[in-house]
Number of protein chains: 2
Amino acid sequence: MISDTNKTQSETIAVRIRTLILNGALRPGQPLRQEALSEQLSVSRTPLRHALQSLAEEGLVETIGYKGARVAELDRGMVDDLFEMRLVLEPLALRSALPQITKLDLARAEMALDAADSEEELSRLSALNWDFHHALYRPSNRQMLLRTIEQLNKASALAEVIASSIVVRPKKSASEHRKLLQACRNGDEAGAIAALGEHLQLAHHDIRTGKD
Amino acid sequence: MISDTNKTQSETIAVRIRTLILNGALRPGQPLRQEALSEQLSVSRTPLRHALQSLAEEGLVETIGYKGARVAELDRGMVDDLFEMRLVLEPLALRSALPQITKLDLARAEMALDAADSEEELSRLSALNWDFHHALYRPSNRQMLLRTIEQLNKASALAEVIASSIVVRPKKSASEHRKLLQACRNGDEAGAIAALGEHLQLAHHDIRTGKD
DNA sequence: AAAGTCGGTATTGGATACAATCATGATTTC
DNA sequence: GAAATCATGATTGTATCCAATACCGACTTT
């Protein structure tokens with residue numbers, strides 16, 4: 001998607017750490033020592049700190065001044081918040097996008113679903129999950145809305161990891177996604193909105209039950 | 001509110017830059033040279049870059065790899081997004097907060113309003129504006145929701161600066177705020193929600209018309 | 001013996017020096 | 001003469017070193 005030419009190390013490092021978190025290698029609550037991480041990832045502490053800050057603003061890690069950074073812990077209330085917000089914002093984006101959606105967008109969404117079917121790694125799975133949703137919302141051309149939704153999706157990905165609901169989710173998620181995609185193809189706005197709402201509520205439910 | 005003891009310079013610098021932006025000293029689109037800013041604020045470039053990154057994640061500045069940072073420019077579509085999101089999320093927070101709101105919260109909200117009446121500086125005004133809204137939403141104890149709303153409010157503050165609607169807004173805003181506060185005092189949920197919706201729509205309208 | 005204080009160590013935040021990247025203008029080539 | 005290329009300057013990103021702060025244990029004092 002984005003050219004790798006401007007590979008500012010801070011960003012690549014942020015991606016790698018995000019991967020570690022979403023794969024469960026770094027568990028929620030675990031402290032992130034700068035020196036250890038920097039040598040493990042073979043970079044200086046400077047870009048590492050930038051990456052940690054980025055992830056902090058994303059909500060994946062919590063950082064306290066002079067004390068350090070930890071992988072974020074999301075309690076049930078936070079997860080409820082996340083999905084309640086997604087449940088009102090994402091239909092908004094979808095409704096705005098549908099009239100302007102192109103075959104290319106739909107193809108992109110389908111590609112993400114196909115790739116997800118044969119993907120095992122959790123971080124890539126959640127990335128593909130976002131690719132799918134993003135493909136459907138992007139035609140709305142509403143940057144601010146999409147930005148906020150993206151943040152919520154990333155945080156949701158962490159919630160799924162915490163809930164360990166990823167073992168069962170992908171299969172169910174796939175069929176829900178297909179149904180949503182089909183409705184979009186048919187230009188069935190009401191059906192698409194309904195499918196999206198269902199999908200989000202099911203995901204929320206599975207995360208809640210899988211949690212504790 | 002928060003103890004100043006942990007005054008990590010990055011944060012204090014971020015506050016100062018945010019102040020400069022919200023006061024109009026740094027206009028949207030204006031490039032932010034690291035070296036110039038660092039010597040102007042009497043700090044090294046290291047904490048300055050952290051501050052810029054924070055502001056970037058907040059949406060007040062845009063940063064492009066290896067090219068630099070600029071004060072963010074918000075077009076009409078972005079402003080529309082901001083207020084559409086606020087219009088659905090803030091009533092959510094208010095409704096959750098009202099049942100648990102205390103006299104202390106109401107007093108805090110009123111303090112913010114009183115202080116705003118005699119405040120001239122734009123950045124402090126927008127800070128007080130957020131203090132007021134925050135006081136009403138905080139009892140909901142919904143961290144994620146509040147976090148998102150706070151981001152949207154900060155971006156809205158920048159939008160007001162761009163629109164230069166601050167000259168007229170405060171007066172109107174004040175009465176709207178008073179009405180909202182009174183409804184909260186009376187435990188009138190429906191009235192409070194309505195007042196909040198009105199307030200947001202009026203603010204949105206004024207920013208749109210004042211813009212271009 | 002308990003509580004508070006003082007010092008040592010580990011870890012983070014900041015300053016400076018260096019490398020990588022981008023932009024601008026001159027120069028060369030067709 | 002126009003376009004492409006290369007070199008030079010400006011600006012950002014990164015590494016290393018130093019300072020500030022927090023954590024922890026021993027010691028003193030009552």
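Numbers restart at 1 for each chain; the letters A, B, ... are given by sequence-line order, proteins then strands.
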Student: Could I get the full list of side chain to side chain donor-acceptor pair (under 3.5 Å) partners for A:S38, not counting sequence neighbours?
Tutor: none
Student: Sequence neighbours excluded, which residues qualify as side chain to side chain donor-acceptor pair (under 3.5 Å) partners of A:T19?
Tutor: none
Student: Residues from residues 27-36 of chain A sitting under 4.0 Å of DNA chain C, heavy atoms only?
Tutor: A:L32, A:R33, A:Q34
Student: Could you give all pairs that pass the ring pair (Phe, Tyr, Trp, His ring centres under 6.0 Å) test and reach residues 27-65 of chain A, with sequence neighbours left out?
Tutor: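 The answer is A:H50-B:H50.
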Student: Less than 4.0 angstrom between a side-chain N/O of A:Q9 and OP1 or OP2 of C:dA20, yes or no?
Tutor: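 No, A:Q9 has no side-chain N/O under 4.0 Å of OP1/OP2 on C:dA20.
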Student: Taking side-chain contact (heavy atoms from CB on, under 4.5 Å) as the test, write out the residues that go with A:E150, two or more places apart.
Tutor: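 Only A:W130, A:K154 meet the side-chain contact (heavy atoms from CB on, under 4.5 Å) criterion with A:E150.
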Student: Between D:dT14 and A:S10, is there an OP1 or OP2 to side-chain N/O distance shorter than 4.0 Å?
Tutor: yes
Student: Rounded to the nearest angstrom, tell me the gap between atom OH in B:Y66 and atom C1' in C:dT21.
Tutor: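 Taking OH of B:Y66 and C1' of C:dT21, I get 6 Å after rounding.
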Student: My understanding is that only residues two or more places apart in sequence, or in another chain, count here; which of them pass side-chain contact (heavy atoms from CB on, under 4.5 Å) with B:S118?
Tutor: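 Expected list: none.
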Student: Only one of A:E121, A:R18, A:R124 forms a side-chain hydrogen bond (donor to acceptor under 3.5 Å, both in side chains) with A:N23, so which one is it?
Tutor: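 Result for side-chain hydrogen bond (donor to acceptor under 3.5 Å, both in side chains) with A:N23: A:E121.
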Student: Counting only side-chain N and O atoms of A:T8, is one of them less than 4.0 Å from OP1 or OP2 of D:dT14?
Tutor: yes
Student: Please state how far atom NZ in A:K7 lies from atom P in C:dC22, giving the value in whole angstrom units.
Tutor: 12 Å
Student: Near DNA chain D, counting only heavy atoms under 4.0 Å, which residues of residues 38-54 of chain B show up?
Tutor: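 Those residues are B:R45, B:R49.
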Student: Please name all residues satisfying side chain to side chain donor-acceptor pair (under 3.5 Å) with B:S156, sequence neighbours left out, ordered by chain then number.
Tutor: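 For B:S156, the residues satisfying side chain to side chain donor-acceptor pair (under 3.5 Å) (neighbours in sequence not counted) are B:R86.
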Student: Can you name the side chain to side chain donor-acceptor pair (under 3.5 Å) partners of A:R142, sequence neighbours left out?
Tutor: A:S96, B:D81, B:E84
